[in-house]
Amino acid sequence: MTALDTPTPLRPAVRPRPRPGAGRVFAAVLRRDLMVTGRELWVILVQVGLTPLFMLFVFDTILGGQGIVGRDFAGLFLPGIIALAALTTALQSVALPLVKEFGFTMEIEDRLMAPLPTGLVAIGKLVIATVRGLLAAVLIYPLGALVVGSAPWRPAGLPLAFLVALLGAWIGGAIGMALATTLPVQRINVTFSVILTPIIWTGCIHYPWPRLTMPWYQVVTALNPMTYVSEGVRGALLPGVPHIPAWVCLSVLTGAAVALTWLSVRCFSRRAVQ
Amino acid sequence: MLPSRAGPAVVEVHDLVKRYPRSDANAVDGLSFAVAPGEIFGLFGPNGAGKSTTVGILTTRLRATGGRALVGGVDVGRDPATARAQLAVVPQHNNLDRALTPRQNLVHHATYHGVSRREAQARAAELLDRFGLAERADRRIEAHSGGMAQRLMIARALTHEPLVLFLDEPTNALDPQTRLLIWGQIRRLRERGVAIVLTTHAMNEAARVVDRVGIVDHGRLLTCDTPENLVRGLAGDAILDLTVTPAPTDDPDALRAALGELDGVRKAERLALPAGPADRRAGAGLPGGVRAGLAGAGGGAALAALAARAGGGGLAALAGAGRLGRNGAGTNGGSPVAGGRGRLRFRLHLATDPAALLGPAVTVLAGRSAAVNAVDVGEPSLEDVFIELTGREPR
Ligand SMILES: Nc1ncnc2c1ncn2[C@@H]1O[C@H](COP(=O)(O)OP(=O)(O)OP(=O)(O)O)[C@@H](O)[C@H]1O
Ligand SMILES: [Mg+2]
C-alpha cells in the first residue's frame, strides 16, 4: 500500500505567529549561562588560577630566590600569565560544558529550540566564554601581584591590555567551541592536552618575542595567537620591554577572532542541526 | 485527507526524505501527511521506522535531505527560527537542563520564547501544579524519577503555548497514573486547538485519544486513517482467539488449516503462547473484548452461556459434560499456566459474528479430540492492524 492519503491541495496556509525579537531571546539564553557561571565563580578561580600562580611562585619566589632567575623576570612573566588566563579559561569554560551539553543528555536542546538562529546560540556561548576569560584575567592580576610581591602598574596601558585580553578570550572561546563540537567525546581529553600544551609553551608567556634568537622558533610562536595576546598585554603594561607593536597584535588578533568565530559557529551549527 | 476539523493544516509534510550521513538507506523515505489545528495525529511504527527522525525534521533539529515540511505555515528548512516559535517538542530522551531546578527549567524555557519573566513565573507555577510537580519544584533535577522528568518535559513544552506539540513516546515506561495524567492533558490541549503529533508504541491506549493514525515502516507511510477505519478495514470485523490442547497425535498446522476452512474465517494464524497468564491480552488488546476463561466450572458455564447465545447446542452439551472444564482445572488450580505443555494458540480473523463461529470451531476441535482451554473474543485492535501491516519480526 502506498501513501494514499497524501494531503489534498491545501487551503491558504495558516498565519504563522511572529517570532519574538532576537535580542530578547538572545538575552534570555545568555541569562541562563550567566546564572550558571555566577554559581561557578569559585570553580573558575580554581580551574584557572592554580597553575599560573604556582608557575609564578616557582619562577619568581623559588628560582628567583636561588638566583637562578633574574629578579625582574616576574614582572615580565606576569603579563604573560594574565594573557594565558584569559585565553585558556575561555577555551576550557566553553569546551567542557559544551561537551556535556551536546553529549548523551543533549541538555542544550532546550536552547537550540529557542526561536533564534542557531548561530546566535553559538555566539552566546562565545560571549559567556569571553566574560569568564576576562574575569579570570582580572582576578589573576592582583593575585599574581600578591604572589610576586609587586606588579607592573601602568594605568595608561590598562585599556589596551583589557582589549587584548578580550580578543584573546574570544579566540580561546572559539577554539574551545570548535573542538568541543567536532571531536568525538572519547578523544576530547587527549586533544585538550595536545592542543593546550603547545598553545601555552609557544605562546610567549615567559619571554618577549623580539628577543627570540632561533628563527624557526620565531615562526612557530608567530603562528600561535597566544603570542599576540601575551605580547599585547606585556606591551601595554611594560612598554620598556621589547614587544610586538600593539597595532600588529590587534590586527592579527582581530583577524584570528573573525576567522575562528566563523569556523566555530559553523562547527556548532553543524553539530546542532544534522 | 484532513479530518472534519476546520481550518488549514498546521503541519504539512510533502515527500519528506532523510538520509543520515554514512548510511545507505533513507531513514525517512518520501513521507507525506498533514495535521489540522486541534487534531491529534499518531505516528506509529516499529523501532527504527523513522518516527523520531520525522519529528526531528519537523522540529528543526534535523535537516531534511529532500521534500518540504511546514509547521504553523512556516517552512522548517527555510526559516527554522520562526518555525520554532510555532512548536514545542518533548523528545524521546530526557533533555532537561540539569544545571537548573524544575521551576527554573520552566521559567527559562518560557523566556527563551520571549515570555516576560513575570509571566513565565506565573505560568511555571500553574503548570507545576497541573502536573503534580509543585512539591519538588525547587529540588535538584537528578532527584527526579523518570515519570517526573517526563511530566516536567511536557509542562516545559507548554510554557510558551505552542500551536503544534510534538510528543515522541510521551508515555514510554510510565506508571498508569502518570499515563492517565498525560493522556488527560493531551485531550485538554486538543480542546484548546493545539495540534498534536505523537509517536508511541502504546497503540491501543493511544487509539482512544488520537484522531488519525499514520503507520510508518522503513520511513514510508503504509496507511493513514482514523483508528476506527483502520481497524475495520484491515483486520476484519472480529477476532476469536482459541487456546487448545490438541490430541497428542494431531499436527498443529493441520489443526490451523482445519480452523481456517470454517465458513466466516478470513484467516487463521498460530500465535505464540502468552508469556504470562492467558489473560494478558485483556490489557494489551481487544478493547471491549469478551474473555471466556475455561479454567474451572465457572468458565465452563460462561462458555455454555456464550454458546447458547450463538445457538450452539452441541457446545453447551460439551461444556456441560465438563470435558472442557476438567482440562483447565487440571493444570494449576484454575489459572492457566503460561505455555502449558502441549497447548496451542490460534487466532481466527472473522468476517462474521464471533459467537456464531464459536460453535463450529469447537465442533472442529472436538472432532479432532482437542480440548479447549481458553477463548478470547474481541474486536481487533490497532495493534493487530499494526502487526498485520508491519509483520511480527522484531527490528
Ligand atoms: N544519528 C543517526 N545517524 C545515523 N542513523 C540514524 C541516526 N539516528 C537514527 N538513525 C537510523 O535511522 C532510522 C530511523 O531511526 P528513528 O530513531 O527515527 O526511528 P524510530 O521510529 O524513532 O524508532 P524507535 O521506535 O526505536 O524510537 C534507524 O534505522 C536508525 O538506525
Ligand atoms: Mg524514536
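When reading the values below, keep in mind they use all heavy atoms of this one structure, side chains included, and skip hydrogens, waters and symmetry mates. Source: prediction; values computed, not measured.
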If one checks every heavy atom of B:Thr53 against chain A at 4.5 Å, the contacting part turns out to be neither

Residues of residues 158-168 of chain B near chain A, each having a heavy atom less than 4.5 Å away | B:His160, B:Glu161, B:Pro162, B:Leu163

Which of residues 161-171 of chain A have a heavy atom under 4.5 Å from any heavy atom of chain B?
-> none

For chain A, find which of B:Arg156, B:His113, B:Lys18 contributes the most heavy-atom pairs closer than 4.5 angstrom.
-> B:His113

Just how far is it from atom CD of B:Gln86 to atom CZ of A:Arg19, taken to the nearest 0.5 Å?
-> 10.5 Å

Among B:Ile57, B:Asp97, B:Thr111, B:Leu96, the residue with the most heavy-atom pairs under 4.5 Å to chain A is B:Asp97

The reported gap from CG in B:Asn95 to OG1 in A:Thr105 (rounded to nearest 0.5 angstrom) is 8.0 Å

Applying a strict 4.5 Å limit to non-hydrogen atoms, the region of B:Pro21 in contact with chain A is neither

Using a heavy-atom cutoff of under 4.5 Å, enumerate the residues of residues 256-274 of chain A that contact chain B, numbered in order, or state 'none'.
-> A:Ala272, A:Val273, A:Gln274

Nearest-0.5 Å distance, CZ of residue A:Arg31 to OH of residue B:Tyr112 = 10.5 Å

Against chain A, work out which of B:Arg98, B:His108, B:His93 has the most heavy-atom pairs shorter than 4.5 Å and name it.
-> B:Arg98

Please list, in residue-number order, every residue in residues 106-118 of chain A that has a heavy atom less than 4.5 Å from any heavy atom of chain B; write 'none' if there are none.
-> A:Met106, A:Glu107, A:Glu109, A:Asp110, A:Arg111, A:Leu112, A:Met113, A:Ala114, A:Pro115, A:Leu116, A:Pro117, A:Thr118

Chain A contact via B:Val71 - side chain, backbone, both or neither, heavy atoms under 4.5 Å = neither

Please state whether the side chain, the backbone, both or neither of A:Val36 comes within less than 4.5 Å of a heavy atom of chain B.
-> side chain

With a 4.5 Å cut-off on heavy-atom pairs, point out which of B:Gln104, B:Arg220, B:His109 contacts chain A the most.
-> B:His109

Going through the distances and angles, do A:Met35 and B:Leu100 end up as a side-chain contact (heavy atoms from CB on, under 4.5 Å)?
-> CA-CA 10 Å; A:Met35 199 187 88; B:Leu100 308 177; 3.6 Å; yes

